[in-house]
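Working notes, beginning with the structure itself.
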Amino acid sequence: MNQTAREFPPFSGAVICYNEESHIERCLMSLEWCDQVVVVDSGSQDRTVELARQFPNVEIHVRPFDTFINQKNHALGHCSNEWVISLDADEVLTEENIAEINSLPLDCSGYRIGRRSFIGDQEIRHGTWSPDYQLRIFRKSCSVWGGTNPHESIQIEGEVGHLESRMLHYSYDSLDEFVARNTKYIHMMVDHLEACGRKTNATEPYVHCIGNFVKAYFVRRGFLDGAAGFFLARHIAGGSYLKYRLLAERNRENKAA
């Protein structure tokens, strides 16, 4: 990807990763225009770090994984510039994104950018995955990663704009990978909710399950993505049911203890 010269101000990129050899190169190529890119690796056992070292603007830090929030705040802490663009290892900026970023007035605290998400070679154009705006460009001095694990988000002070162009998000290589990773994330979310003292009841799993399916498949027109749209709506709904069912079970266990 061609570099785009930027006179003012300098940008830092931030990426966290673990065993991302199939994605890391194209992610870092799309950040070649940044003065500095901080990569925080969780101890990859593949070629992730080797590939990342090929980029002259990349500095690599190794930190054992505990939460996505802490990993991303660690990366942010090593960014030397006020303006930061944070990408996941499976996200890629397009030439259009880079040109738009370099034309931004930078007169607010941050910018959201939409994602074009893929499962394998299929782009998911509808449902709750599209356009999927994420706050990825922000001033370091007024931003910190927070939210819930694993759904971390930037907590920011001030006004936020958005880009017209959308970046590429190679979410999952297959539907099976989606199921496996989503199941892992559900258990992480339950751990977080329980630690925060969140309570639920026997009916909430069904309410969230039905509501999420209707939203993803009908309201957000996931049915237009064919079999993949139905698969995602069904599994997103099922994941929501599982999350609140597991939380309800833990609530009962804690009450009985």
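For the pair Val39/Phe55, no side-chain contact is recorded, criterion being any heavy-atom separation below 4.5 Å from C-beta on. Residues Trp129 and Ile236 are in side-chain contact: their nearest non-hydrogen atoms beyond the backbone lie under 4.5 Å apart.
With ring centers used as reference points, Phe230 lies 6.0 Å or more from Phe223.
Remark: the backbone N or O of Met188 is not paired with any side-chain donor or acceptor of His192 at under 3.5 angstrom. Checked by atom type and distance alone, the side chain of Asp132 never pairs as donor or acceptor with a backbone atom of Arg115 at under 3.5 Å. Arg139 places a side-chain N or O within 3.5 Å of a backbone atom of Cys108 that can act as its donor or acceptor partner. Under the 3.5 Å distance criterion, the side-chain polar atoms of Arg166 are left unmatched by any main-chain donor or acceptor of Ser117.
The two residues Ser240 and Asn212 come nearest to each other via the heavy atoms OG-ND2, 3.0 Å. Nearest heavy-atom pair across Ser30 and Leu87 is OG-CD1, 4.0 Å.
Considering Ile69, Asn73, Asn70 as possible partners of Glu152, the one that fulfils the side chain to side chain contact (heavy atoms under 4.5 Å, CB included) test is Ile69.
Between Tyr244 and His208, the angle of the ring planes stays under 30°, which puts this pair in the parallel group of the 30/60° scheme. Note on ring orientation: taking the six-membered ring where Trp is involved, the planes of Phe68 and Phe65 are perpendicular (angle over 60°, cut-offs 30° and 60°).
By the salt bridge (Lys or Arg N to Asp or Glu O under 4.0 Å) test, Glu96 is found to be paired with no residue, residues two or more places apart in sequence or in another chain being considered.
Atom OH of Tyr18 is separated from atom OG1 of Thr48 by 9.5 Å, given to the nearest 0.5 angstrom.
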